[in-house]
Amino acid sequence: MRLLVQTRRLLSLAVLACGVAAPLSAQRKVQRRIAVDGDASIRLWNNFGSIRVVGWDRDSLVVTATLGRAAEGGLRFGGQGQFAKMYVDAPTDGRADAAAQIEVHVPRRSRVWVKSMTADIEVVGVVGAVDANSVSGRMRISGALRELNAETMDGEVEIDGTATVLRAKTASGGIRLRGGGDDVGLTTVSGALFISGEKFQGARVESVTGDIHFDGRLDRNGSFTFESHSGAIDLAFPPEMPALIEIRSFAGEIHNQYTKASPTPGPTGRGRQLTVASELGGASVSVRSFKGVVTLRRR
């Protein structure tokens, strides 16, 4: 009888040990590499988990991945010269064991297209072009790029750096830009926009209900537009910045903490308007709001 009890205990421990080891054995690590041109076009897909793209000074593409058990098709990888692609062959139902953790090293000057569903996307060190798309994954992009386009529905977008042409768009996700660009376009429906930096030569910032916060310096030859339906618009500029600032609000208030000028009634007697003009001319700034509060202040 005692021997039978001990045998059962040993069997239970064996089953428990198998249960603990199963998640570890369910994952597998792979690494692939190919030679590509320094300015190659590279397409990357990973729906679940994470994908990190790192620019480096080599004419090669290296992928290191940890794949979940449900990624039955594994890592699909190919190309050479001017074109390469990588994707994870896994179910699209969002199963936890379909997640993959991927790091990709690409030539700095390459053009990278990266897509996910819920996977977080991070890009560092690329100076070429990046086009990032996700449904709800978070994006973090840093560096000085030639072109950047970042688009997600519900995920947050965080950009640290600059781009000659920069576009970021969300539905409910927030956008945070620290840096600048020659041609910047930021759009959201309900997410908050936080923008700061010293190198803005032109920008268009739009929201429906999301708040807009800007704290930065504008190029005196640039054109800038800030628009919101019901979100608050808060603009902080350096004192005595050369600019012509025109603010219009149909039903919202305008608070001027930048100069001593007071808002006046709109052209038809409805709404409020405010014009602030420096003697030296400068940047053209247009601010439009339907019913959100607009605040103009000094940095």
Side-chain angles (χ1 to χ4, degrees), residues 17-150 152 155 158-161:
C18 291
V20 172
L24 297 177
S25 63
Q27 293 184 335
R28 51 198 172 102
K29 294 185 178 180
V30 297
Q31 185 179 80
R32 305 284 178 79
R33 63 177 63 226
I34 57 173
V36 294
D37 295 341
D39 59 351
S41 294
I42 299 171
R43 291 181 171 267
L44 308 169
W45 290 267
N46 183 30
N47 284 332
F48 311 108
S50 67
I51 181 166
R52 185 171 188 260
V53 183
V54 182
W56 65 352
D57 295 318
R58 299 181 186 180
D59 291 347
S60 60
L61 173 65
V62 177
V63 179
T64 303
T66 300
L67 304 177
R69 180 177 56 186
E72 299 172 354
L75 187 71
R76 302 296 185 179
F77 185 79
Q80 64 180 350
Q82 275 290 313
F83 178 77
K85 67 178 180 179
M86 182 281 307
Y87 70 93
V88 177
D89 190 359
T92 59
D93 56 5
R95 294 165 52 184
D97 56 356
Q101 315 302 322
I102 297 177
E103 181 166 292
V104 186
H105 283 75
V106 304
R108 292 187 188 278
R109 297 183 294 110
S110 57
R111 176 180 290 272
V112 180
W113 184 90
V114 55
K115 184 176 181 179
S116 81
M117 291 184 68
T118 64
D120 293 340
I121 296 173
E122 182 180 6
V123 181
V124 296
V126 177
V127 299
V130 171
D131 191 337
N133 292 268
S134 180
V135 177
S136 60
R138 180 181 180 183
M139 295 184 187
R140 182 175 183 182
I141 301 166
S142 60
L145 297 97
R146 185 178 71 253
E147 298 177 29
L148 171 60
N149 181 71
T152 178
E158 185 175 351
I159 302 168
D160 285 294

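Residue numbers run from 1 in the order of the sequence given.
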Please set out all donor-acceptor pairs under 3.5 angstrom arising from side-chain atoms of residues 78-87, sequence neighbours excluded.
residue: Gln82; atom: NE2; partner: Asp37; partner atom: OD2; Å: 3.0
residue: Gln82; atom: NE2; partner: Asp39; partner atom: OD1; Å: 2.9

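- Taking CG from Asp59 and CG from Asp57, the interatomic distance works out to 9.5 Å, rounded to the nearest 0.5 Å.
- Here the straight-line distance linking atom CG of Leu44 with atom CG of Asp131 works out to 11.5 Å at 0.5 Å rounding.
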Full working for side-chain contact (heavy atoms from CB on, under 4.5 Å) between Val106 and Trp56: CA-CA 6 Å; Val106 304; Trp56 65 352; 5.7 Å; no
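- Separating the CD1 atom in Ile51 from the CD1 atom in Ile102 is a distance of 5.0 Å, to the nearest 0.5 Å.
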Steps toward side-chain contact (heavy atoms from CB on, under 4.5 Å) verdict (Glu122, Arg138): CA-CA 8 Å; Glu122 182 180 6; Arg138 180 181 180 183; over 6 Å; no
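- The shortest heavy-atom contact between Pro107 and Arg58 is CG-O, 3.4 Å.
- Ile141 and Ala132 get closest at one heavy-atom pair: CD1-CB, 4.5 Å.
- Annotation: side chain of Arg33 is not in contact with side chain of Leu61 (no heavy-atom distance under 4.5 Å).
- Taking the six-membered ring where the residue is Trp, Trp45 and Trp113 present perpendicular rings, their angle passing 60° and hence far from 30°.
- Distance CZ/Arg52 to NE2/His105: 7.0 Å, rounded to 0.5 Å.
- Within the 4.5 Å cutoff, side-chain heavy atoms of Asp160 are placed close to those of Arg140.
- Counting all heavy atoms, side chain and backbone alike, Ser134 lies closest to Gly137 at OG-N, 2.8 Å.
- In this structure, Ile121 and Ser116 approach most closely via the heavy-atom pair CD1-OG, 3.9 Å.
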Pair Ser50-Gln101, side-chain hydrogen bond (donor to acceptor under 3.5 Å, both in side chains): steps then yes or no: CA-CA 5 Å; Ser50 67; Gln101 315 302 322; 2.6 Å; yes
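- In this structure, Arg146 CZ and Arg111 CZ are separated by 5.5 Å, a value rounded to the nearest 0.5 Å.
- To the nearest 0.5 Å, the span separating OG1 on Thr152 from CG on Asn133 amounts to 8.5 Å.
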side-chain contact (heavy atoms from CB on, under 4.5 Å) assessment of Val30 paired with Leu67: CA-CA 8 Å; Val30 297; Leu67 304 177; 4.3 Å; yes
Verdict with reasoning, Gln31 to Thr64, per side-chain hydrogen bond (donor to acceptor under 3.5 Å, both in side chains): CA-CA 4 Å; Gln31 185 179 80; Thr64 303; 3.0 Å; yes
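- Residues Met117 and Phe48 approach most closely at SD-CZ, 4.0 Å, considering heavy atoms.
- For the pair Val88 and Leu75, the minimum side-chain heavy-atom distance is below 4.5 Å.
- Using a 4.5 Å heavy-atom cutoff, the side chains of Ile159 and Leu148 are in contact.
- Of all the heavy atoms in Arg108 and Val126, the pair that sits closest is O-CG1, 3.5 Å.
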